[in-house]
Amino acid sequence: MVALTFPDGARRDYPQGITGLEVAKGISPSLAKRTVAMALDGVLADLADRIERDARIEFVAREDPRALELIRHDAAHVMAEAVQALWPGTQVTIGPVIENGFYYDFFRNEPFTPEDFPAIEKKMREIIARDRPFTKEAWSREEAKRVFRDRGELFKVELVDAIPEDQEIKIYRQGEWFDLCRGPHMTSTGKVGDAFKLMKVAGAYWRGDSRNPMLTRIYATAWAKPAELDAYLKQLEEAEKRDHRRLGREMDLFHFQEEAPGSVFWHAKGWTLFQALESYIRRRQTAAGYVEVNSPQLMDSELWVTSGHMEKYHDMMFLTEQREEEERRYVVKPMNCPGHVQIFKNGLKSYRDLPLKVAEFGKVHRFEPSGALHGLMRVRAFTQDDAHAFITEEQIARECLAMNDLILSIYEDFGFPDVVIKFSDRPEKRIGSDEVWDKAEAALMSALQASGRPWTLNKGEGAFYGPKLEYVLRDAIGRDWQCGTVQVDLNLPGRLGAFYIDEHSNKVTPVMLHRAMFGSLERFTGILIEHYAGHFPLWLAPLQAVVATITSDADDYAREALAAAQRLGLRVEADLRNEKINYKVREHSLAKVPLLLVVGKKEAAERTVSIRRLGSQQQQSMTLDAALALLAGESVAPDVKRLAQAA
RNA sequence: GCCGGCUUAGCUCAGCUGGUAGAGCACCUGAUUUGUAAUCAGGGGGUCGGGGGUUCGAAUCCCUCAGCCGGCACCA
């Protein structure tokens, strides 16, 4: 006998080996009918599975949120059957559920194109309409390999081989078609429903390894109800509207062109935004005890040989040509650290100088693979808010904590609600003694725990020179961005010959901490454009307000208002064009100008303005002086505002 | 870098199976002086991404290079 506990707390005994379906039927035929799977002790299982042990049992209806991953997984099987029905000889490989949908990787000489989608979707609907039950079989390893080999499914043979010896080989059938699969599945193909859509084709390496053959991946989305599918598609459209590449063009922030792939042409408005961010970081880190330096763009390649970068990253660095009159070759810097070590080494340093925290808005160049380039998010030339702290071993914990606090405080100012920290500890291949690693990891970990933030362990993912923290932001539409980093470096200072004199007159190699907060300013600007959907807070908005006239009678007054605003350092333009106010309101709203100061005859006579805020229909009338004071107040950066409040 | 797709006016896009390029918006000019999301009329603008080939003839077909887009791989 097995004892099953039901969600209402009832507990009943059943013969051992009874199936979930039989249990459901025993309770009521209608329950059995609407149930697509069960959960035993919270783990999803086939409804046809035999129950061998006492368990908490729950019946999962198709509408249950937990059924969604089954719908998607079943849909993946249906898609694979459809593809093989349409193109015999296509090999199937793997088809997992992912966020918002699923994919399936196929191997076929002729790749698929989106034009094939309608046919595949049609065939899928046929298979779903047939409503064949999913049935599970356990095969022997040899039998599975023989069957797949006979069918020419060589990738499946590899998959069978990859299954650990202690696990059984499970095959799921849906009518004639079957697939190697871990399961579980719903009761039949009909349960997939029709809220699915094929989204895109993509190449993907077999087993994620670029040395392997490339497969064709078909991405699809699937939902329990058509309304959910529609909502998802709408959400994608919304995300597209806030794409920083699109907003960058629409808001006249920047552009790219063929002659400089991966390098940004910043327009005046975009550069204003960029500089607002740079100034902000400069204020924050100066307040935290950093000094700012600037190191050369080009340095002798020998230095990069010494640092080890040449060997590891040669293919990703820009190098100058060797010239007749100059035998040396120069490297366009891909990072700032070697330069900062040179600054540290210049002049003898004492333990009294430590910690020495050196920051630079260094522009670095990296020859990123062409396929990796992506707007501002992945470029070949970018500006890091980089810093290196030269410290003693004893100072590791304190300085890491200070960096951690600074980074988290900065993200708060931009309204990122969720920050997840990844802790990467010692990798297999590393330098330095275990004692030093122990100390470095413990110090980093104490900083991490002091932050009180959620974190995850990235086992063995640290740099070869030391452990690191990586800060991942989640933006307004739920996407993750890795930005900040704190790295303990036990290697480079020694390698480049840096030392300080300790209190016993001994030469000691300092520990170096690498720190970035935004990471790449280019990328962070892109993230912010999407995070705010172009609706920047006033302190960042490239154009804060437009003074718009209703008739030309107000032109002189508008010019006066503009000049007064500019004297206050506000970023304001005047729109004196011979256009209707409706037209101007529309145009500046679309351009996402935060504030419109509308002036007509009435305002000119009364020395007032009518304020209209972006996203609001309402108007607010006040005197020009009051309006400018308000604007100036709202334009103050959050850190400066805090200082003013504290004073 | 790999797989697939795309590249036509400043932007968004149309141009069927080859016959020599079009729309809307933007821009310019004129009229209109306007009260909170598009006033009307007129006008200019393209060696159809670069190079090569097939053809009597190429935006259209083929090859090649580049860039971009979607993934994969990579990301000090």
Side-chain angles (χ1 to χ4, degrees), chain A residues 103 105 108 110-116 199-219 240 243 245-246 249-250 252 255-262 304 307-313 315-317 333-338 364 366-375 377-380 382 384 386 463-465 468 482 485 487 489 491-492 514 516 519-520 523 548-555 576-591 596-603 610-621:
Chain A
Y103 66 78
D105 286 347
R108 179 178 164 231
E110 280 286 294
F112 300 98
T113 77
E115 284 162 28
D116 297 325
M199 302 298 287
K200 51 199 175 195
V201 287
Y205 296 110
W206 167 237
R207 298 187 145 185
D209 190 327
S210 58
R211 289 165 301 190
N212 286 340
M214 182 152 277
L215 310 170
T216 302
R217 173 172 300 179
I218 299 181
Y219 282 95
E240 215 169 289
D243 188 308
R245 294 165 298 189
R246 172 177 173 153
R249 187 175 54 241
E250 288 175 359
D252 194 20
H255 84 271
F256 289 90
Q257 66 187 47
E258 278 200 35
E259 290 79 359
W304 300 96
S307 71
H309 291 97
M310 204 55 162
E311 192 194 343
K312 195 152 186 228
Y313 294 109
D315 291 346
M316 292 186 71
M317 304 202 303
K333 68 175 173 185
M335 10 182 19
N336 302 301
C337 1
V364 297
R366 299 178 182 177
F367 198 90
E368 301 286 351
S370 58
L373 301 180
H374 179 91
M377 304 307 195
R378 192 78 183 268
V379 288
R380 286 184 177 155
F382 60 100
Q384 289 182 314
D386 204 4
F464 69 94
Y465 51 74
K468 58 182 178 182
Q482 187 172 309
T485 182
Q487 301 178 12
D489 188 343
N491 174 41
L492 206 56
H514 303 244
S520 143
R523 194 168 79 114
T549 53
I550 291 171
T551 73
S552 51
D553 293 335
D555 284 2
L576 308 183
R577 290 177 303 171
N578 177 9
E579 295 290 351
K580 287 191 164 183
I581 191 61
N582 283 310
Y583 181 88
K584 295 184 182 181
V585 166
R586 175 181 157 81
E587 199 164 80
H588 297 121
S589 299
L590 288 175
L596 265 185
L597 308 180
V598 178
V599 297
K601 257 187 206 162
K602 181 163 155 283
E603 286 77 9
S610 166
I611 300 182
R612 181 187 169 116
R613 286 178 188 270
L614 182 60
S616 164
Q617 244 81 251
Q618 287 171 7
Q619 298 156 45
Q620 191 186 4
S621 184

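Labels below follow one simple rule: chain letters A, B, ... track the order of the sequence lines, proteins then strands, and each chain is numbered from 1.
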So which protein N/O to nucleotides 8-13 of chain B N/O distances come out below 3.5 Å?
from: U12(B); atom 1: OP1; to: R249(A); atom 2: NH2; distance (Å): 3.2

Problem set entry | Distance in angstrom units between M377(A) CE and G70(B) P, rounded | 11 Å
For this session: Please list, chain by chain and in numerical order, all residues satisfying side chain to side chain donor-acceptor pair (under 3.5 Å) with D209(A), sequence neighbours excluded.
Result: R211(A)
Problem set entry | Distance in angstrom units between M317(A) CE and C75(B) P, rounded | 16 Å
For this session: Check whether more than 12 heavy atoms from other residues, nucleotides or ligands sit under 6.0 Å from atom CD of Q618(A), and answer yes or no.
Result: no
For this session: Please measure how far the C1' atom in U8(B) lies from the corresponding atom in G15(B), and state the result in whole Å.
Result: 9 Å
Exercise. Has Y313(A) got a side-chain N or O lying under 4.0 Å from the OP1 or OP2 atom of C74(B)?
Worked result: no
For this session: Name the nucleic acid region contacted by R245(A), choosing base, sugar-phosphate or nothing; use a 4.0 angstrom heavy-atom cut-off, strictly under.
Result: sugar-phosphate
Seminar exercise, completed: salt bridge (charged side-chain N to carboxylate O under 4.0 Å, His left out) filter on R217(A), not counting sequence neighbours, yields D105(A)
Exercise. Please walk me through it: do V585(A) and R612(A) pass side-chain contact (heavy atoms from CB on, under 4.5 Å)?
Worked result: CA-CA 9 Å; V585(A) 166; R612(A) 181 187 169 116; 3.6 Å; yes
Exercise. What distance, rounded to whole Å, do you find between the two P atoms, one in A9(B) and one in G5(B)?
Worked result: 22 Å
Exercise. When all nucleic acid strands are considered with a 4.0 Å heavy-atom cut-off, which category describes H374(A): base, sugar-phosphate, or nothing?
Worked result: sugar-phosphate
Problem set entry | Distance below 4.0 Å between K200(A) side-chain N/O and G71(B) OP1 or OP2 | yes
Exercise. Y219(A) near the nucleic acid: base, sugar-phosphate alone, or nothing, with a heavy-atom cut-off under 4.0 Å?
Worked result: sugar-phosphate
Problem set entry | Whole angstrom value for the distance that separates P of A66(B) from CG of L373(A) | 13 Å
Exercise. Residues two or more places apart in sequence or in another chain: which of them pass salt bridge (charged side-chain N to carboxylate O under 4.0 Å, His left out) with D555(A)?
Worked result: none
For this session: Write down the distance between CZ (R246(A)) and P (G70(B)), rounded to a whole number of angstrom.
Result: 13 Å
Problem set entry | Contacts of D553(A) that satisfy salt bridge (charged side-chain N to carboxylate O under 4.0 Å, His left out) - sequence neighbours left out | K601(A)
Exercise. Whom does C61(B) pair with, Watson-Crick or G-U wobble, provided both distances fall under 3.5 Å?
Worked result: G53(B)
Problem set entry | Complementary nucleotide of C68(B), counting Watson-Crick and G-U pairs under 3.5 Å | G5(B)
Problem set entry | Nearest-angstrom distance, C1' atom, U29(B) to G67(B) | 37 Å
Problem set entry | Distance between P atoms of A31(B) and U36(B) (Å, rounded) | 26 Å
Exercise. Taking all atoms of both residues into account, what is the closest heavy-atom pair of H309(A) and P338(A), and its distance?
Worked result: CE1-CG, 4.0 Å
For this session: Could I get the full list of side chain to side chain donor-acceptor pair (under 3.5 Å) partners for E603(A), not counting sequence neighbours?
Result: none
For this session: Tell me what M316(A) touches on the nucleic acid: a base, only sugar-phosphate, or nothing, going by heavy atoms under 4.0 Å.
Result: base
Problem set entry | Span that lies between the P atom of C6(B) and that of G44(B), in whole angstrom | 34 Å
Problem set entry | Comparing D209(A) and H514(A) on RNA chain B - which has the more 5′ nearest nucleotide | D209(A)
For this session: Please work out if G308(A) contacts a base, only the sugar-phosphate, or nothing of the nucleic acid, heavy-atom cut-off 4.0 Å.
Result: nothing
Seminar exercise, completed: Of Y103(A), Y219(A), F112(A), the one forming a side chain to side chain contact (heavy atoms under 4.5 Å, CB included) with V201(A) is F112(A)
Problem set entry | Heavy-atom side-chain contact between R249(A) and H255(A) under 4.5 Å | no
For this session: Whole angstrom is fine here: how far is it from CZ in R577(A) over to P in C28(B)?
Result: 9 Å
Exercise. For A26(B), which nucleotide in any strand shown is its Watson-Crick or wobble partner with both distances under 3.5 Å?
Worked result: none
For this session: Assign K601(A) to base, sugar-phosphate, or nothing according to its heavy-atom contacts below 4.0 angstrom with the strands shown.
Result: base
For this session: Find the distance D243(A):CG to G70(B):C1' and express it as a whole number of Å.
Result: 12 Å
For this session: Can you sort out the partners of E579(A) under side-chain contact (heavy atoms from CB on, under 4.5 Å), two or more places apart, ordered by chain and number?
Result: R577(A), Y583(A), K584(A)
Seminar exercise, completed: Each nucleotide of nucleotides 36-52 of chain B classed B (base within 4.0 Å of a protein heavy atom), S (only sugar-phosphate) or -, in 5' to 3' order, makes BBBB-------------
For this session: Please give the nucleotide sitting opposite G45(B) as a Watson-Crick or G-U wobble pair, both distances under 3.5 Å, or none.
Result: none
Exercise. Rounded to the Å, how far apart are N212(A) CG and G1(B) C1'?
Worked result: 15 Å
Seminar exercise, completed: Those residues at least two apart in sequence (or on a different chain) that pass side-chain contact (heavy atoms from CB on, under 4.5 Å) with A591(A) are V593(A)
For this session: With sequence neighbours excluded, tell me which residues meet salt bridge (charged side-chain N to carboxylate O under 4.0 Å, His left out) with R108(A).
Result: none
Problem set entry | Atom-pair distance (CG on D315(A); C1' on A76(B)), nearest Å | 14 Å
Produce the list of close N/O pairs, under 3.5 Å, pairing protein atoms with atoms of nucleotides 2-4 of chain B; give distances to one decimal.
from: C2(B); atom 1: O4'; to: Y205(A); atom 2: OH; distance (Å): 3.3
from: C3(B); atom 1: O2; to: G203(A); atom 2: N; distance (Å): 3.3

For this session: Could you go through the side-chain contact (heavy atoms from CB on, under 4.5 Å) check for M335(A) and Y313(A) one step at a time?
Result: CA-CA 11 Å; M335(A) 10 182 19; Y313(A) 294 109; over 6 Å; no
Seminar exercise, completed: Re C74(B): Watson-Crick or G-U wobble partner, both distances kept under 3.5 Å, found to be none
Exercise. Between the base of C72(B) and the side chain of R217(A), is there a donor-acceptor distance below 3.5 Å?
Worked result: no
Exercise. Looking for any heavy atom pair under 4.0 Å, which part of the strands does S210(A) touch: base, sugar-phosphate only, or nothing?
Worked result: sugar-phosphate
Exercise. Considering only the P atoms, how many Å lie between C25(B) and C68(B), rounded to the nearest integer?
Worked result: 31 Å
Problem set entry | Spacing of the C1' atoms in C62(B) and G45(B) (rounded, Å) | 32 Å
Problem set entry | Pairwise C1' distance, A14(B) and C48(B) [rounded to whole Å] | 13 Å
Exercise. For S370(A), which residues count as a side-chain contact (heavy atoms from CB on, under 4.5 Å) partner, sequence neighbours excluded?
Worked result: R380(A)
